[in-house]
Trainee: 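Quick one: the structure is below, questions incoming.
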Number of protein chains: 2
Amino acid sequence: MAIFSKTCEYAMRAVFYVAQRSHEGYKVGIKEIAEQINSPEPFLAKILQRLSKEGLIQSVKGPNGGFYFDAASLNRPLADIVTAVDGNAIFTGCGLGLTYCSEANPCPLHEEFKKVRNQITYMLNNTTIGKFNLGLIKGKFSLNK
Amino acid sequence: MAIFSKTCEYAMRAVFYVAQRSHEGYKVGIKEIAEQINSPEPFLAKILQRLSKEGLIQSVKGPNGGFYFDAASLNRPLADIVTAVDGNAIFTGCGLGLTYCSEANPCPLHEEFKKVRNQITYMLNNTTIGKFNLGLIKGKFSLNK
DNA sequence: TCTATAAAAGACAAAAATATCTTTTATTAA
DNA sequence: TTAATAAAAGATATTTTTGTCTTTTATAGA
Ligand code: FES
Ligand code: FES
């Protein structure tokens, strides 16, 4: 088990890649994205379709079409992507899988697990979709393998 | 998606419950455990079978039999249970699902994600199986609902 | 207008996780 | 030594996640 679902991992990688290309002034086709982030193309297509329907990513059909981010979207937190794909369990759920996390009736891990959740929440809320554009262009970060 | 698999959540809840009862001097049958931690009985049986085979939990068959922890096992870290059930991806894996996490060729989330992983590792290494026995006996913690 | 392009949508398939059921084995106690 | 108990083992079933394929719709450019 990883922290995020495969779906969510692909979504985040794709989003970072598309953001970088948007910063450079391009739209990207699903094929290129899938190749660059090393994900199964039709599966990724479904994921981006969903993000597109929710308005989290922009897309146009037809020649010279593809996926991209407008300026406003580049400033959205990565948390929005994660929530759209995996829901909010990771932000609010109980570490031992109780149906809800509760201060009044906590599980044994509650106090320590809150710190984990807070760290995750901080990370995802303070990472904008466009945050790593320059680093990616410079080749400082990897999105595949 | 939750942080841990259902299997792992049930395992941790069961382990805390059995530890408490062991501390009180009892062995516990699978039926009682499943009821008390609110998990599907035959599924939980499989999980405990596995832990038993790996020597992480003790068990005896027959009348008055059941699951229990000896003193040494009560001092094991919860991390041992998680590793046995979910493997070590949660301790070492990449947050974006790259095949391995690397300092030399990191994903964009690497620096922040390390903090998350470290927090999880700390939590699981510093929580012994028997740590919450008194709290559980006093009813301070919940393992179901 | 016609054609090529590329995403959207929908149906389908495979694999993994979760859950159940039945039979076997070990242990205790009468 | 037999009967009752409870875990171990093995086979099977269901659901969810992950992955694929085909058809439709929108857009651009010739
Ligand atoms: S009750 Fe389990 S994390 Fe809060
Ligand atoms: S490379 Fe992704 S977390 Fe280290």
Side-chain angles (χ1 to χ4, degrees), chain A residues 1-15 17-18 21-22 26-35 37-69 82 84-87 89-90 97, chain B residues 1-15 18 21-22 26-35 37-69 82 84-87 89-90 97 99:
Chain A
M1 275 284 281
I3 295 255
F4 303 106
S5 67
K6 272 287 159 217
T7 310
C8 192
E9 289 172 350
Y10 293 149
M12 290 190 287
R13 304 221 295 265
V15 152
Y17 181 74
V18 174
R21 299 290 284 159
S22 292
Y26 299 107
K27 299 194 192 73
V28 216
I30 185 66
K31 186 167 181 177
E32 177 182 338
I33 305 172
E35 269 164 15
I37 71 165
N38 195 33
S39 76
E41 187 188 320
F43 186 49
L44 181 63
K46 283 295 171 196
I47 299 169
L48 294 187
Q49 240 173 66
R50 218 165 119 196
L51 294 180
S52 172
K53 193 147 53 173
E54 302 202 31
L56 291 171
I57 195 171
Q58 283 71 56
S59 73
V60 294
K61 296 180 181 181
N64 305 318
F67 294 92
Y68 66 100
F69 287 109
V82 172
V85 168
D86 272 0
I90 202 155
Chain B
M1 276 284 280
I3 296 256
F4 302 106
S5 66
K6 273 284 158 220
T7 310
C8 191
E9 289 172 351
Y10 293 149
M12 291 189 286
R13 304 221 296 266
V15 153
V18 173
R21 298 292 283 157
S22 293
Y26 299 107
K27 299 194 192 74
V28 216
I30 185 68
K31 186 167 182 176
E32 177 183 338
I33 306 172
E35 269 164 13
I37 72 166
N38 194 34
S39 76
E41 187 189 319
F43 186 50
L44 181 63
K46 284 293 172 198
I47 299 169
L48 294 187
Q49 241 173 65
R50 217 165 121 195
L51 295 180
S52 172
K53 193 146 53 170
E54 304 205 29
L56 292 171
I57 195 172
Q58 284 71 54
S59 73
V60 294
K61 295 179 180 180
N64 305 319
F67 294 92
Y68 67 100
F69 286 108
V82 172
V85 168
D86 271 1
I90 202 158
T99 48

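Just so it is clear: chains get the letters A, B, ... in the order the sequence lines come, proteins before strands, and each one is counted from 1.
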Trainee: Quick check: on DNA chain C, is the nucleotide nearest A:S59 upstream (toward 5') of the one nearest A:P63, or the reverse? Name the residue that is more 5'.
Mentor: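 This one resolves to A:P63.
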Trainee: Heavy atoms only, 4.0 Å cut-off, all strands: where does A:V28 land among base, sugar-phosphate and nothing?
Mentor: sugar-phosphate
Trainee: Let me see the working for B:F43 and B:Y10 under side-chain contact (heavy atoms from CB on, under 4.5 Å), right down to the final yes or no.
Mentor: CA-CA 9 Å; B:F43 186 50; B:Y10 293 149; 3.6 Å; yes
Trainee: Closer to the 5' end of DNA chain D via nearest nucleotide, is it B:Q49 or A:Y10?
Mentor: B:Q49
Trainee: In this structure, how many angstroms lie between the P atom of C:dA7 and the OH atom of A:Y68, rounded?
Mentor: 12 Å
Trainee: Can you check the A:L56 CG to C:dA8 P distance for me, whole Å?
Mentor: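 Nearest whole value for this atom pair: 13 Å.
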Trainee: Between C:dA7 and A:S52, is there an OP1 or OP2 to side-chain N/O distance shorter than 4.0 Å?
Mentor: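 For C:dA7, OP1/OP2 do not have a side-chain N/O of A:S52 under 4.0 Å.
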Trainee: Kindly say if A:T7 contacts the phosphate of D:dT17, meaning a side-chain N or O under 4.0 Å from OP1 or OP2.
Mentor: no
Trainee: Just checking B:P42: base, sugar-phosphate only, or nothing, at a heavy-atom cut-off of under 4.0 Å?
Mentor: base
Trainee: Ignoring hydrogens and angles, answer whether the base of C:dT18 and the side-chain atoms of B:K6 contain a donor-acceptor pair closer than 3.5 Å.
Mentor: no
Trainee: In whole Å, I'd like the distance from the CG atom of B:N64 to the C1' atom of C:dA26.
Mentor: 14 Å
Trainee: Please evaluate the base of C:dA19 for a donor-acceptor partner in the side chain of B:E41 within a cut-off of under 3.5 Å?
Mentor: no
Trainee: Have a look at A:K46 and say if it touches a base, only the backbone sugar-phosphate, or nothing, with a 4.0 Å heavy-atom cut-off.
Mentor: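 Contact class for A:K46: base.
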Trainee: Please give me the minimum heavy-atom distance between A:I30 and A:F67, naming the atom from each residue.
Mentor: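 Result for this residue pair: CB-CE1, 4.4 Å.
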Trainee: Reckon A:I30 touches a base, only the sugar-phosphate, or nothing at all at heavy-atom distances under 4.0 Å?
Mentor: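 It contacts sugar-phosphate atoms only.
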